[in-house]
Amino acid sequence: MPNSVRVRFAPSPTGPLHIGGVRTALYNFLLARKLGGTFILRIEDTDQARFVPGAEAYILESLAWLGISPDEGIGAGGPHEPYRQSERKDIYKSYADELINSGKAYYAFDTSEELDAMRTTFESQGSAFQYNAVTRVKLRNSLSLSKEEVDQLLANNTPYVIRLKVPAKGEIRFQDTIRDWVHVHTSSIDDKVLMKSDGMPTYHLANVVDDHIMQITHVIRGEEWLPSAPLHILLYQAFGWNPPQFAHLPLLLKPEGNGKLSKRDADLGGFPVFPLEWTDPQTGAISKGFKQEGYLPEATLNFLAFLGWNPGTEQELFSLDELIAAFSLERINKAGAKFDVKKAQWFNEQYLKQHSAQELASTYLPSIDAEKAEAFVHLFLDRITFPQELERLVQEFSEFPVTYDEAVLSSKWNAETKQALELILGALPTCEHWHAEDIKACIQLCLEQAGIKMGKVMQLFRVAMSGKGAGPDLMISLELWGKEQVLARLNKALDIFPAI
RNA sequence: GGUCCGUUCGUCUAGGGGUUAGGACACGUCCCUUUCACGGAUGAAACACGGGUUCGAUUCCCGUACGGACUACCA
């Protein structure tokens, strides 16, 4: 299958995988699945300084949690091993040499300090420094120096980088799947470093070489790469390769104001930007994860998919399989999308309800008797956003009230309702079958006999039972508390409520 | 500063030369309910601005404004 679709997700292990990165992975995965292609996971760890231990494992775990499984690459193996760029150093070197030999690239001996000095000089004159066709003749490189000098420098092991010789004139154009034609003049592109002085390739070289070797057909990545796409095209041209199809995804924006969604926003907004919880190995700081916050993987997936893409129909809820079936690059938007916590929560509520009470009960209320736990799930499911709220709710439910809703008390507590509660207290012990229906009938009967309307006392009764003016179905609550406890609660309330 | 990209309700978005500009989240109201929640119904809410092109532009073109990304021997 030489023409089959091959896409890749290529994160850097510099920290926890950002939720925007997860979406990029998702779109790649969806396209591969949709078209019967291959989804490859490649690790771009060419920056030794920014490498963070544990980040790669985190990426793998995050994708696994969401069901985005690589067909090839890290964690899956494949014909192009290794898939970790740091282990492919020699490959990049040979390709860089090829460019040197063909005159498309050159050695540069300028130090970082020299270049920084150039930048400040240019800046003070109100312009920006570019290492390009104009400036390179005045800098220290194999284009400006004599062959002897260059050979001498190389023989002395002088540190050098390899830079791409970007043509002074010309226009680079490519057709982005999402943005259509993009044109850039080569004059605005500088002679980017391809090989660093530590022998590692830069992103640009490694990326292009690997995408070519691995026969990537579609490069789907974030919009932050759009400005360097023309450089990549230039590289493909320099090697004489056909570039893949590019698709630059709109950015995920912060909920308030403008700008790219960042870690800071998560801390500020009280919502996660990472799929899983992450502990910084350096500082020990913990960042929240969608999973730990209580987001279900299918809700996270659905929500993320809709940030920048839509099926064009009015269907909102999509399983992974449905997303695969409906997905297309053509329906991805151009404009950045703001992260909306409320909508994410809504998706979670929807998916929560799709789970069986039995399943929710056993995973989130494991210490409670199964039958009773299921009853609790039924009682609370409509009132929660995250499954772990269940435990708190049950806990609260089981405790005797300490305070009683003042507002209800002051408006509803009077001689008549006092009498009503006393009647209920007397009637409940005679209730034979302790089931919601029977309890209700029992209460109804005793109040009717006294000529008291149920509506007049029920809220007060609720407060007497739970302390709260609002809550889940009272009759079912009574059933779950059990006769004994209901009587005890009622006695306590009657005791505590102000004397009439 | 330079290069590039973008702009439909508060938010995510559908649509596209002639529409009552559609849906979802959030919000308001009503219904359901002994309460709250859920659910149902309903309401308010948008084509950034200015020029073209056209019989007609929110839709096409050009500007302007605003926003964003990039501008490292980071990815």
Side-chain angles (χ1 to χ4, degrees), chain A residues 10-14 44-50 85 108 110-112 115-116 119 122-123 126-131 159-163 176 178-179 182-185 187-190 192-204 206-207 221-230 248 250-251 253 255 257-260 303 306-317 331 333-347 349 353 379-384 405 408 440 443-444 453-463 466 468-475:
Chain A
S12 291
T14 54
E44 311 219 329
D45 56 347
T46 54
D47 186 0
Q48 295 164 327
R50 291 210 306 157
Q85 290 186 330
D110 322 86
T111 64
S112 302
L115 294 175
D116 284 345
R119 285 192 192 94
F122 271 69
E123 216 170 294
S127 64
F129 170 70
Q130 250 201 342
Y131 208 120
Y160 66 86
V161 299
I162 294 177
R163 286 182 181 271
D176 186 275
I178 295 166
R179 283 147 221 286
V182 176
H183 317 243
V184 178
H185 285 95
S187 61
S188 67
I189 304 173
D190 58 354
K192 278 279 182 306
V193 171
L194 266 21
M195 289 295 288
K196 301 184 259 188
S197 55
D198 65 358
M200 278 290 190
T202 57
Y203 169 85
H204 303 105
N207 195 260
R221 62 192 355 173
E223 193 187 336
E224 67 268 27
W225 292 111
L226 193 54
S228 48
H248 289 93
L251 259 19
L253 273 18
N258 292 300
K260 223 162 118 175
F303 169 68
F306 269 66
L307 244 32
W309 171 88
N310 75 84
T313 65
E314 286 183 359
Q315 184 181 346
E316 301 266 346
L317 265 21
R331 292 203 64 88
N333 297 117
K334 292 179 169 69
K338 282 188 183 178
F339 189 95
D340 182 359
V341 194
K342 284 282 200 294
K343 192 126 188 186
Q345 293 179 345
W346 178 79
F347 272 112
E349 288 161 7
K353 287 175 194 164
L379 192 63
F380 295 125
L381 192 56
D382 282 339
R383 10 190 23 103
I384 60 171
D405 190 305
V408 175
K440 184 176 182 180
I443 293 173
Q444 226 159 7
K453 286 221 172 80
M454 228 177 146
K456 285 197 157 182
V457 292
M458 291 319 284
Q459 203 187 6
L460 185 76
F461 184 37
R462 172 184 292 285
V463 171
S466 69
K468 298 189 182 67
D473 188 286
L474 189 54
M475 297 308 154

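Here is how names work: the chains are called A, B, and so on, in the same order as the sequence lines, proteins then strands, and each is numbered from 1. Worth saying up front: this structure is predicted, and the values here are computed from it rather than measured.
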Just wondering, more than 12 heavy atoms not from Lys453(A) lying within 6.0 Å of its NZ? no

Work out how far the C1' atom of rG39(B) is from that of rC12(B), and round it to whole angstrom. 23 Å

Have a look at Val193(A) and say if it touches a base, only the backbone sugar-phosphate, or nothing, with a 4.0 Å heavy-atom cut-off. sugar-phosphate

Side chain of Asp340(A), heavy atoms from C-beta onward: which of rU11(B), rC73(B), rG6(B) has the nearest atom to it? rU11(B)

Indicate, with a heavy-atom threshold strictly under 4.0 Å, whether Ala335(A) touches base, sugar-phosphate, or nothing. sugar-phosphate

rG2(B) OP1/OP2 closer than 4.0 Å to side-chain N/O of Arg119(A): no

Euclidean distance for C1', rU53(B) against rC61(B) (whole angstrom): 7 Å

Which value, in whole Å, describes the distance between the P atoms of nucleotides rC49(B) and rU58(B)? 9 Å

Picking from rA75(B), rU3(B), rC70(B), the nucleotide nearest the side-chain atoms of Lys260(A) would be rC70(B)

Of all the nucleotides listed (rC4(B), rG1(B), rU3(B)), which has the minimum atom distance to the side chain of Ala128(A)? rG1(B)

Side chain of Ser112(A) only, please: which of rU34(B), rC73(B), rA75(B) is the nearest? rC73(B)

Under 4.0 Å between any heavy atoms, over every strand shown, what does Gly471(A) touch: base, sugar-phosphate, or nothing? Just pick one. base

Base, sugar-phosphate, or nothing for Arg331(A), non-hydrogen atoms under 4.0 angstrom? sugar-phosphate

Return the pairing partner of rA37(B) with a 3.5 Å limit on both distances, Watson-Crick or G-U wobble; otherwise return none. none

Output yes when at least one side-chain N/O atom of Arg163(A) is less than 4.0 Å from OP1 or OP2 of rC73(B), else no. yes

Using a strict 4.0 Å threshold on nitrogen-to-oxygen distance, state whether Lys338(A) and Asp340(A) make a salt bridge. no

Under 4.0 Å, heavy atoms only, any strand: does Thr313(A) hit a base, just the sugar-phosphate, or nothing? nothing

Under 4.0 angstrom, heavy atoms only, what part of the nucleic acid is Met200(A) near: base, sugar-phosphate, or nothing? nothing

For rA41(B) versus rG50(B), give the span between their C1' atoms, rounded off to a whole number of Å. 43 Å

With both distances under 3.5 Å as the test, what is the Watson-Crick or G-U wobble partner of rC32(B)? none

Side chain of Thr202(A) only, heavy atoms from C-beta on: which candidate in rC70(B), rC5(B), rC73(B) is closest? rC73(B)

G-U wobble or Watson-Crick pairing nucleotide for rG1(B) (cut-off 3.5 Å, both distances): rU71(B)

Taking only N and O in the side chain of Lys196(A), is any of them less than 4.0 Å away from OP1 or OP2 of rC74(B)? yes

Determine the contact category for Thr14(A): base if any of its heavy atoms lies under 4.0 Å from a base atom, sugar-phosphate if only primed atoms, P, OP1 or OP2 are that close, otherwise nothing. nothing

Just to be sure I understand the rule, does Arg179(A) reach a base, reach only the sugar-phosphate, or reach nothing, if contact means heavy atoms closer than 4.0 Å? sugar-phosphate

Any Lys/Arg nitrogen of Glu223(A) or Arg179(A) sitting under 4.0 Å from an Asp/Glu carboxylate oxygen of the other? yes

So does Asn310(A) get a side-chain nitrogen or oxygen closer than 4.0 Å to the phosphate oxygens (OP1/OP2) of rU13(B)? no

Toward the 5' end of RNA chain B, which comes first, Arg462(A) or His183(A), by nearest nucleotide? His183(A)

Counting only Watson-Crick or G-U wobble pairs whose two distances fall under 3.5 Å, which nucleotide matches rC25(B)? rG10(B)

When all nucleic acid strands are considered with a 4.0 Å heavy-atom cut-off, which category describes Phe306(A): base, sugar-phosphate, or nothing? sugar-phosphate

Closest to side chain of Glu223(A), choosing from rG1(B), rC73(B), rG68(B): rG68(B)

Under 4.0 Å, heavy atoms only, any strand: does Gly222(A) hit a base, just the sugar-phosphate, or nothing? nothing

Which part of the nucleic acid does Lys456(A) contact within heavy-atom distance under 4.0 Å: base, sugar-phosphate only, or nothing? nothing

Short side-chain N/O contact to rA75(B) OP1/OP2 from Thr46(A), under 4.0 Å: yes

Let's see if you can work this out: which of rC12(B), rU3(B), rC74(B) has an atom nearest to the side-chain heavy atoms of Asp47(A)? rC74(B)

Using the C1' atom on both, measure rU33(B) against rC38(B) and round to a whole Å. 11 Å

Using the P atom in both, what is the distance from rG28(B) to rA48(B), to the nearest Å? 28 Å

Report yes if at least one side-chain N or O of Asn333(A) is closer than 4.0 Å to OP1 or OP2 of rU13(B); otherwise report no. yes

RNA chain B nearest-nucleotide lookup for Asp190(A) and Lys334(A): closer to the 5′ end is Lys334(A)

Counting only distance, no hydrogens or angles, is the base of rA24(B) paired donor-acceptor with the side chain of Lys343(A) under 3.5 Å? yes

So with a 6.0 Å cut-off around NZ of Lys456(A), is the heavy-atom count from everything else above 12? no

Atom CE of Met475(A) and atom C1' of rA37(B): how far apart are they, to the nearest Å? 17 Å

Using the P atom on both, measure rA37(B) against rA26(B) and round to a whole Å. 12 Å

How is His248(A) classified with respect to the nucleic acid when contacts are heavy atoms under 4.0 Å: base, sugar-phosphate, or nothing? nothing

Expressed as a whole number of Å, how far does the C1' atom of rA45(B) sit from that of rU11(B)? 12 Å

Within the structure shown, what part of the strands sits under 4.0 Å from Lys192(A) by heavy-atom distance: base, sugar-phosphate, or nothing? nothing

Give one of base, sugar-phosphate or nothing for Asp110(A), where a contact means two heavy atoms less than 4.0 Å apart. base

State which of rC73(B), rA24(B), rG39(B) makes the closest approach to the side chain of Lys353(A). rG39(B)

Counting heavy atoms from C-beta on, name the nucleotide in rG23(B), rU13(B), rA26(B) closest to the side chain of Ala337(A). rU13(B)

Considering only rC73(B), rC70(B), rC38(B), which nucleotide approaches the side chain of Asp382(A) most closely? rC38(B)

